[in-house]
Amino acid sequence: MIAGEGGDAGGMSAYIAHHLQHLASAKQTALFDSSIVHWDTLSFSLLCAAIFLLVMRAAAKRATAGVPGKFQLAVEMLVEMVNEQARTLVKGDLTYVAPLALTVFGWVTLMNAIDLLPVDWFPTAASAVGVHYLRPLPTADLNASLGMAIGVLLLVFYYSIKIKGLGGWAHELVCAPFGMVNLSFNPLTWVGAALLAIANLAMNIVEYVSKTLSHGMRLYGNMYAGELIFFLIAGLGGSLTVAGVALHLITGTAWLIFHVLIVLLQAFIFMMLTLVYIGQAHDHH
């Protein structure tokens, strides 16, 4: 959220640049580098996953058939909302799909919610134990958001093969969306079939790649932008002037309230796209 250390010696740009550095296995020079491990992203994402699973486990153990308490009621409303979306978008067995969607929504929400904490809390605590770089928001790291999108892509492949069979899925890759000509003894029909198969395969590859990139980049872009705005607001407090502190508090509070909606909305969109893509894997062309 907000903090009061924006006036470091290097100025605003140095302050933001420092907070954008990851605790990484090596110095990263590109936007995305799968060979480099961001230990902060990995740690906080696993921590959020563990918290969500523990909360769901506690809800399951405390569930009763009688009048539900507030905690049970909130969890039941969340589960029902996710189940309703899953039933609408996926035409098939929801035994695993609905819990997957619930996990995605809860996990991404918790990771996004880290952005609502004061931006200097975790870096300051880390520096006290000798860790000079720490970026706690996992979804503002393209490695994490794109990694989750690739995970969804792998699930799409899994359900496509499970439902249609390996042969059926391979047939779909070369026969949709443009269809296939009826083969005959005429060599021209074989040439036309080969050209259509190549075009269909190319279109499907482009579709898979574009879906995966947009799935991950949408979450990353929104959370990265929100994180930068919090850094700018935090820097206002470092001026130690009446105007600076007032702007720091007013803009920080306003953006915090608005950002709560972004946190939930981006998690919901990521979950919905996951259901849409898995639902498409269940469909036959």
Side-chain angles (χ1 to χ4, degrees), residues 1-8 11-24 28 30-32 38-49 51-52 104-126 133-149 152 212-239 244-274:
M1 189 180 100
I2 52 180
E5 299 185 8
D8 293 343
M12 179 75 78
S13 60
Y15 172 78
I16 294 176
H18 179 271
H19 279 67
L20 290 177
Q21 295 294 319
H22 287 279
L23 176 61
Q28 184 168 331
L31 179 62
F32 179 79
H38 291 170
W39 298 112
D40 44 11
T41 296
L42 184 62
S43 301
F44 281 99
S45 59
L46 292 177
L47 177 62
C48 289
I51 291 173
F52 178 74
V104 167
F105 178 75
W107 187 26
V108 175
T109 297
L110 285 180
M111 288 191 290
N112 289 350
I114 294 177
D115 204 22
L116 301 177
L117 299 175
V119 296
D120 285 314
W121 274 13
F122 287 112
T124 301
Y133 296 108
L134 187 72
R135 193 176 175 191
L137 183 60
T139 46
D141 182 359
L142 187 58
N143 289 7
S145 57
L146 193 57
M148 290 188 293
V152 173
T212 302
L213 288 177
S214 64
H215 198 188
M217 292 291 288
R218 178 182 286 104
L219 177 62
Y220 161 75
N222 281 278
M223 298 312 300
Y224 180 77
E227 184 185 39
L228 281 180
I229 292 176
F230 275 126
F231 289 153
L232 292 171
I233 293 173
L236 292 173
S239 63
V245 173
L247 284 173
H248 173 63
L249 294 175
I250 295 172
T251 57
T253 302
W255 181 245
L256 172 66
I257 296 172
F258 178 72
H259 202 62
V260 170
L261 300 177
I262 296 177
V263 165
L264 295 173
L265 180 61
Q266 291 306 313
F268 181 76
I269 291 174
F270 197 91
M271 179 200 74
M272 291 296 289
L273 289 176
T274 299

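Any value given below was found using the heavy atoms of this structure, including those in side chains, with hydrogens, waters and symmetry copies removed.
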| Reported NE2-to-CG distance for the pair His38 and Asp141, which is rounded to 0.5 angstrom | 5.0 Å
| In Å and rounded to the nearest 0.5 Å, what is the CD1 to CH2 distance from Ile51 to Trp107? | 13.0 Å
| query | Residues in side-chain hydrogen bond (donor to acceptor under 3.5 Å, both in side chains) with Asp40, at least two apart? | reply | His22
| request: Find the distance between OG1 (Thr212) and CG (Leu146) and round it off to the nearest 0.5 Å. | output: 8.0 Å
| request: Nearest 0.5 Å please: distance from the CG atom of Leu46 over to the CE atom of Met111. | output: 9.5 Å
| note | Pro136 meets the side chain to side chain contact (heavy atoms under 4.5 Å, CB included) criterion, sequence neighbours left out, with Phe44, Ile114, Phe122
| query | Is the shortest heavy-atom distance from the side chain of Tyr15 to the side chain of Asp120 under 4.5 Å? | reply | yes
| query | For Pro138 and Ala144, which heavy atoms make the closest approach, and how far apart are they? | reply | O-CB, 3.2 Å
Check residues 216-227 and write down every donor-acceptor pair under 3.5 Å in which the side-chain atom is one partner and the other belongs to a residue at least two apart or another chain.
from   : atom 1 : to     : atom 2 : distance (Å)
Arg218 : NH1    : Ser214 : O      : 3.4
Asn222 : ND2    : Arg218 : O      : 2.7
Asn222 : ND2    : Gln266 : OE1    : 3.4
Glu227 : OE1    : Arg135 : NE     : 3.2
Glu227 : OE1    : Arg135 : NH2    : 2.6
Glu227 : OE2    : Arg135 : NE     : 3.2

| Any side-chain heavy atom of Leu228 sitting closer than 4.5 Å to one from Ile16? | yes
| Do Phe230 and His259 make the cut of ring centroids closer than 6.0 angstrom? | yes
| message | If the condition is ring-ring contact (aromatic ring centres under 6.0 Å, His included), which residues does Phe270 pass it with, not counting sequence neighbours? | response | His215
| request: Hey, could you give me each pair passing salt bridge (Lys or Arg N to Asp or Glu O under 4.0 Å) that has a residue in residues 250-273? Not counting sequence neighbours. | output: none
| Quick one: side chain to side chain contact (heavy atoms under 4.5 Å, CB included) partners of Ala267, sequence neighbours excluded? | Phe105, Val108, Thr109, Asn112
| Minimum heavy-atom separation for Leu134 to Ala126, with atom names? | CD2-CB, 3.7 Å
| message | Tell me if a side-chain donor or acceptor on Thr124 pairs with a main-chain N or O of Trp121 at a distance below 3.5 Å. | response | no
